[in-house]
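Just so it is clear: chains get the letters A, B, ... in the order the sequence lines come, proteins before strands, and each one is counted from 1. Values in this document were obtained by computation on a predicted structure and should not be read as measured data.
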Amino acid sequence: MTSPIQNRKYATEITAANEGERVSIAGWVHEKRDLGGVFFLIVRDRSGFAQVTLLRKKTEKELFERVKRVPRESVVAIEGEVKREQKAPNGYEILPTRVEVLSEASPVLPLDTTGKVGAELDTKLDARFMDLRTERTKHIFLIRSRILKAIRDFLDERGFIELNTPKIVSAATEGGTALFPISYFEREAFLNQSPQLYKQMLMASGFDRVYEIAPIFRAEAHDTTKHLNEATSIDVEVAFEDHEYVMTLLEELIAFVYTNVVDYPGLAKLDLNLEVPKVPFRRITYDEAIEQISDAGEEIVWGEDIGTSAEHTLGKIIGELYFITDWPCAIKPFYAQPAGEGKDTCNAFDLMHPRLELSSGSQRVHSYELLKQQIESKGLSADSFEFYLDSFRYGMPPHAGWGLGAERLLMCMLEIGNIREVVLFPRDRKRLVP
RNA sequence: GCCCGGGUGGUGUAGCGGCCUAUCAUUGAGCCCUGUCGAGGCUCGGACUCGGGUUCAAAUCCCGACCUGGGCGCCA
């Protein structure tokens with residue numbers, strides 16, 4: 001006995017041209033429509049929908065009654081004959097000869113998969129497995145996959161090597177953010193907040209163009225629509241180049257990603273009007289940013305970081321993707337290269353979306369002496385950075401790089417209000433399950 | 001951590017002191033219907049987060065807890 005699941009096709013692989021052929025499909029019971037003498041079973045799979053039609057008079061009674069009773073969202077396998085039918089999705093329907101219920105669903109569902117009734121984010125996240133069956137959520141993650149592929153294609157094409165650095169580390173990397181402590185045999189260790197130090201160390205390896213797409217962990221108790229305690233960072237580091245080079249690389253990458261998403265057929269399901277941003281992106285200095293923000297009537301002090309409301313004010317003024325450059329050294333990490341004689345700024349930049357910051361990067365300090373000095377001037381202990389500093393003592397090329405938040409990019413592109421929506425199983429201060 | 005909102009059937013909501021044995025939609029159970037595509041029609045089932053308080057009377061007002069949305073802070 002052959003199972004109908006063998007040789008199954010996706011719903012959209014079948015067309016009216018297959019009329020008369022025997023096919024198998026498998027998927028979830030999306031909807032049932034009982035008209036009395038005719039019964040429609042809409043089966044959903046990854047590709048879309050297929051209509052399975054049963055005529056009361058022409059169908060074996062046992063089969064007809066059994067199909068009528070299959071609860072929605074049950075998993076079924078169908079074998080039957082293709083019939084051209086203009087009124088059906090994809091222009092065909094299946095007249096089943098065999099229906100197997102592979103998994104019967106409980107009849108009362110945690111949320112509606114058809115889009116008739118909405119669900120709150122919390123409800124969706126609690127039942128994420130089912131939320132992913134909805135068109136909107138499904139496409140968010142298909143687009144996410146597409147974006148990550150586009151990024152890899154873009155970087156691979158330019159000679160980058162994809163590498164992975166440890167997520168379990170011995171100490172704070174850059175200071176700043178809080179870390180999650182973990183028990184590591186008889187020692188304490190931490191989940192890494194950023195691959196920063198490791199990707200820089202790789203610059204001393206001869207792998208002069210590297211990237212990593214991996215999780216980062218931050219133990220901040222923040223509670224906003226743009227922060228996660230576990231996020232995905234896209235990190236790039238390039239040797240023998242400076243901040244200008246990596247800014248250009250970044251804007252071209254972003255434009256390439258947009259181009260790939262604009263072409264995505266499922267974009268229509270998300271109801272947005274996406275345009276590929278023009279390169280080069282606008283660049284404004286930190287000084288200009290402060291001026292613009294204070295001209296707009298917002299209180300801001302030079303030398304301080306740009307807070308959320310100032311960020312929004314500036315975003316509204318600029319209205320497109322832009323870079324903020326020439327940041328004060330004092331508010332950028334120790335590894336940012338100072339601009340030089342008599343200046344208190346460094347060669348660091350942030351890539352901003354009108355809503356929020358997407359990426360930050362810089363030309364890095366590659367002089368051992370200067371780096372050590374900057375670590376100490378930030379009040380950090382050079383000893384705990386020995387493993388990192390060592391790589392600067394035996395031939396470290398000049399280099400630059402950036403880190404880009406994958407979820408932030410996705411939420412901004414798709415105009416999604418809460419970053420949790422673009423993570424399968426988000427980790428925030430309150431949520432550890434599922 | 002601070003400041004505002006909000007917790008009503010499975011889901012999404014209306015009601016905001018007595019008209020509430022609580023509205024509507026969807027879902028569920030059942031029935032009618034041979035072409036649905038958010039099918040339609042009829043019947044039935046299903047809820048006021050928890051604990052105190054005020055009041056003749058609380059879903060409705062007050063207090064606390066828990067959960068939750070947003071604004072900020074912190075942070076990327």
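- For A:His227 against B:C75, a side-chain-to-base donor-acceptor contact under 3.5 Å is present.
- At the heavy-atom level, A:Glu120 lies under 4.0 Å from the strands shown only through sugar-phosphate atoms.
- Nucleic acid contact for A:Thr224: base, since at least one base atom lies under 4.0 Å from a heavy atom of the residue.
- A:Phe349 and A:Phe323 have their aromatic ring centers within a separation under 6.0 angstrom.
- With contacts defined as side-chain heavy-atom distances shorter than 4.5 Å, the pair A:Pro338/A:Leu370 qualifies.
- Every residue two or more places apart in sequence or in another chain that forms a side chain to side chain contact (heavy atoms under 4.5 Å, CB included) with A:Ser294 is listed here: A:Ile300.
- No contact: A:Ile42 has no heavy atom under 4.0 Å from any strand.
- Using a 4.0 Å heavy-atom distance criterion, A:Gly118 is classed as a sugar-phosphate-only contact.
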* Annotated protein contacts, base or backbone, on nucleotides 37-50 of chain B with a non-hydrogen cut-off under 4.0 Å, one of B, S, - each -> BBB-----------
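- Between A:Gln196 and A:Gln200, the side chains place a donor N or O and an acceptor N or O closer than 3.5 Å (distance only, hydrogens not considered).
- Here A:Asp122 lies in heavy-atom contact (under 4.0 Å) with sugar-phosphate atoms only.
- Dashed line: the shortest gap from a side-chain N or O of A:Thr123 to OP1 or OP2 of B:G12 is under 4.0 Å.
- Listed pair A:Thr114 / B:U26 fails the phosphate criterion, with no side-chain N or O lying under 4.0 Å from OP1 or OP2.
- Between A:Arg72 and A:Lys226, the residue whose closest nucleotide on RNA chain B is further toward the 5' end is A:Arg72.
- Of the candidates B:G28, B:G70, B:G30, the closest approach to any side-chain atom of A:Arg69 belongs to B:G30.
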* Show the numbers, then the answer: is there a salt bridge (Lys or Arg N to Asp or Glu O under 4.0 Å) between A:Glu60 and A:Arg98? => CA-CA 10 Å; A:Glu60 193 187 319; A:Arg98 191 162 152 189; over 6 Å; no
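- Within the 4.0 angstrom heavy-atom criterion, base atoms lie near A:Asp223.
- Under 3.5 Å, the side chains of A:Tyr92 and A:Glu85 contain no donor-acceptor pair of N or O atoms.
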Any N/O pairs under 3.5 Å between the protein and nucleotides 5-8 of chain B? List them or say none.
none

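- Comparing B:C74, B:G35, B:A76 against the side chain of A:Ser360 picks out B:A76 as the nearest.
- No contact: A:Arg431 has no heavy atom under 4.0 Å from any strand.
- Side-chain nitrogen and oxygen atoms of A:Asn229 include none within less than 4.0 Å of the OP1 or OP2 phosphate oxygen of B:A76.
- Side-chain contact annotation: A:Ser74 with A:Arg69, donor-acceptor N/O pair under 3.5 Å absent.
- Residue contacts shown for A:His30 are absent, as no nucleic acid heavy atom lies under 4.0 Å away.
- Between A:Arg429 and B:C67 there is no side-chain polar atom (N or O) within less than 4.0 angstrom of OP1 or OP2.
- Residues A:Ile216 and A:Lys430 each lie close to RNA chain B; by heavy-atom proximity, the contact nearer the 5' end of the strand is made by A:Lys430.
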